[in-house]
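Chain identifiers are assigned alphabetically (A, B, ...) following the order of the sequence lines, protein sequences preceding nucleic acid strands; residue numbering begins at 1 within each chain.
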Amino acid sequence: MLTILFDGVAYGMLLFVLACGLAVTLGLMNFVNLAHGAFAMGGGYLTVVLMNRLGVPFLLCLPAAFLLTAAVGVVLERTLYVRLYGKTHLDQVLFTIGLVFMAIAAIDYFMGAQQQLITLPAFLRGQLEILGGSIGIYRLFIIAICGALVVVLQLGLSRTRFGSRLRAAVDQPDVARGLGIDVNRLFAATFALGSGLAGLGGALGVDVLGLDPTFPLKFMIYFLVVVTVGGTTSLIGPFVASLVLGLGDVAGKYFVPEFGAFMIYTMMVAILIVRPQGLFARGSR
Amino acid sequence: MTRVETGAPPAAAPASAAALLRERARWSLFDLLFWAAALAAFFVFPLRLPLLTEIAILGLFALSIDLLLGYAGIVSLGHAAFFGAGAYAAGILAQHGWGEPISGLAAAGLVAAALGFATSFLVLRGSDLTRLMVTLGVAMMVLEAANKAAWLTGGADGLNGVVMDPVFGVFEFDLFGHTAYWYALAVLFLCFLAIRRIVNAPFGLVLRGIQGNALRMSAVGAPVNRHLVAVYTLAAGFAGIAGGLLAQTTQFVSLDVLNFQRSAEGLLVLIIGGSGVLYGGLVGAVAFKLMQEWLSNITTQYWQFWLGAALVLLVLFARGGLLGLARRFLRRRPARSERGGAA
């Protein structure tokens with residue numbers, strides 16, 4: 001029981017780190033980025049290459065995955081995404097699906113279609129026995145990192161100058177521009193942060209979620225559920241949604257395996273029917 | 001999205017809505033050429049009939065999405081749910097001994113339309129984004145249901161033992177796909193006529209109005225929600241017929257009739273051809289399948305990359321699809337054939 005709870009929380013935390021970048025682009029820039037999972041996949045494969053081919057230690061791979069995917073994110077944002085901000089959601093969906101197809105085929109070409117494995121360092125392997133349940137140390141590690149990230153993100157958004165500018169730009173882009181805030185650069189930085197987080201999530205998730213070229217499509221649904229259910233106006237919404245989703249998914253697979261992924265889809269559709277703006281939307285926007 | 005079709009040249013602007021509809025419904029040279037080419041394909045490429053049949057089926061599927069997206073402006077990422085429902089309906093009927101193809105196809109259309117009617121109420125609310133998510137969610141639920149109901153659908157192994165009776169009791173489905181092609185082409189043509197009739201009726205005009213501005217349409221007295229439910233049901237029915245065709249001509253149904261790639265592919269075909277034009281889905285299907293065939297001959301495994309690249313470029317530079325490009329090209333030359341691709 002404790003194990004399930006624990007796995008669920010770790011899974012949910014991981015989903016949050018993976019999906020919060022999507023929440024940012026969708027909520028702040030009103031851009032539907034279905035290719036978000038491709039950034040996560042990029043981070044994952046980067047870790048695999050760094051560890052297995054170059055022998056870089058795992059802990060060093062995590063910041064590397066963050067920085068490199070963030071860099072790729074900035075380049076793509078400046079060159080391609082920026083041209084689609086004014087277009088319809090459908091155009092954005094089609095465009096980013098195209099990117100996903102390209103990413104999948106490219107990874108397949110360079111890395112092969114098989115599952116990628118990494119060997120975690122010794123101090124992250126093994127189990128802890130607590131209160132009769134066994135807890136994977138690596139899951140504890142994930143919870144610690146993701147928990148710290150959540151706190152940092154929330155504080156960064158509410159306490160720093162960057163955060164207050166960002167919130168201003170989201171609420172009233174025109175007024176923010178009028179006050180001398182460079183909204184475009186702010187968005188580029190935010191996009192980079194979001195893709196970097198996806199990369200970091202992908203790197204952390206190699207051992208838990210698995211990694212193969214279909215990753216972006218497989219987990220796209222999960223990201224979208226987190227974002228649409230949680231709403232995009234705060235970080236708390238997606239965070240709660242990820243935890244619920246993580247717990248629901250793990251518990252569902254454990255207790256009622258015959259329902260499979262049914263629970264999640266039903267939940268998403270039901271919530272969207274009742275609250276089209278998501279669970280935690282602020283009144284009317 | 002914002003571009004509204006102006007089918008007739010401004011010089012001969014029709015006086016009334018009825019005249020406009022008649023004008024649009026007229027057959028042009030393009031119509032004749034297109035269907036003549038489809039007939040001729042049978043004799044020119046006798047060895048590629050399975051590919052041609054696939055094109056016809058994909059074309060019908062894209063046409064049903066066009067009805068939804070191009071005319072009513074409803075975005076959907078889950079149209080495969082109806083394609084798959086039709087495929088399984090036709091397949092399961094034939095598996096249980098009802099091998100008569102035409103009634104099987106009708107059943108496929110009806111089952112899919114029923115599913116479409118039941119879920120249409122979910123897409124009435126919310127923004128484009130909510131619709132995308134809800135349709136995607138519904139399609140995933142149907143896929144999961146088909147996966148779990150292995151006693152009925154065969155689950156991941158697929159539906160085997162689909163045996164078809166001859167069409168009209170005369171034309172047996174042969175190994176070379178002769179009957180299959182004629183059958184698929186005839187069904188496609190009939191469905192095309194039906195859809196053409198639908199969009200050129202006042203009903204279709206109201207749909208375009210709703211796409212433009214739903215609030216204003218309800219202000220002039222058009223029952224918006226009823227129209228949306230109707231068109232969603234119709235589009236689901238046509239997608240179901242396409243699915244049924246696939247099940248009957250390949251005599252096999254597997255779970256991938258329902259998956260996300262199927263929905264994305266249909267949408268992609270429509271975007272390649274050009275949405276909001278009747279021939280968009282058909283031209284797109286031809287271009288898509290030929291491109292797929294050609295690319296997978298060059299790089300067997302990685303043609304998906306070029307597919308993605310094509311999609312990216314189309315969105316960036318040619319939003320109207322191939323037909324949009326063709327029309328722009330024709331416009332630039334002296335207005336001789338301005339009715340080019342407008343259906």
Side-chain angles (χ1 to χ4, degrees), chain A residues 26 30-32 34-35 38 80 83-84 87-110 112-113 213-214 217-218 220-221 224-225 227-229 232 257-278, chain B residues 1-2 69 73-78 119 121-145 147-149 259-261 263-265 267-268 270-272 275 295 299 301-317 319:
Chain A
L26 192 61
N30 195 22
F31 187 88
V32 189
L34 291 191
L80 291 175
R83 313 177 62 145
L84 287 156
K87 302 227 177 162
T88 60
H89 277 160
L90 182 70
D91 277 355
Q92 298 169 351
V93 163
L94 292 168
F95 177 78
T96 50
I97 286 181
L99 286 185
V100 170
F101 281 158
M102 288 168 77
I104 289 177
I107 289 286
D108 197 359
Y109 179 75
F110 287 114
T214 61
L217 280 182
K218 222 175 355 183
M220 188 181 77
I221 314 283
L224 289 173
V225 172
V227 172
T228 45
V229 166
T232 51
E258 61 271 24
F259 279 114
F262 237 4
M263 292 255 295
I264 297 166
Y265 306 135
T266 321
M267 215 168 70
M268 171 173 96
V269 171
I271 289 176
L272 281 179
I273 300 298
V274 184
R275 302 282 309 262
Q277 296 286 333
Chain B
M1 264 315 96
T2 50
L69 176 69
I74 301 176
V75 292
S76 167
L77 270 183
T119 53
F121 299 95
L122 305 179
V123 299
L124 292 181
R125 286 192 61 176
S127 60
D128 275 2
L129 184 64
T130 316
R131 280 173 175 168
L132 285 171
M133 292 306 113
V134 168
T135 48
L136 181 64
V138 168
M140 287 295 154
M141 278 159 76
V142 174
L143 173 63
E144 199 60 27
N147 187 21
K148 295 294 170 194
N259 65 14
F260 173 73
Q261 275 89 339
S263 304
E265 192 179 279
L267 211 50
L268 172 60
L270 184 60
I271 299 305
I272 291 178
S275 69
L295 285 175
T299 54
Q301 209 177 340
Y302 311 111
W303 66 273
Q304 218 183 15
F305 181 87
W306 301 107
L307 188 66
L311 196 51
V312 166
L313 292 177
L314 272 173
V315 173
L316 283 180
F317 301 115
R319 192 50 187 78

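- Neither the backbone nor the side chain of Val100(A) comes within contact range of chain B; no heavy atom of the residue lies under 4.5 Å from a heavy atom of that chain.
- When heavy atoms are compared at a cutoff of 4.5 Å, Ala145(B) approaches chain A by way of both its backbone and its side chain.
- For the residue pair Phe101(A) and Gly308(B), the shortest heavy atom distance occurs at CB-CA, 3.8 Å.
- Looking at Leu94(A), Thr96(A), Ile97(A) one by one, the single match for side chain to side chain contact (heavy atoms under 4.5 Å, CB included) with Val315(B) turns out to be Leu94(A).
- Only the side chain of Leu132(B) comes within less than 4.5 Å of a heavy atom in chain A; its backbone stays farther off.
- Under the side chain to side chain contact (heavy atoms under 4.5 Å, CB included) test applied with Phe95(A), the options Leu314(B), Leu316(B), Leu311(B), Leu313(B) reduce to a single match, Leu316(B).
- Nearest heavy atom pair, residue Met220(A) against residue Phe260(B), reads CE-CZ, 3.7 Å.
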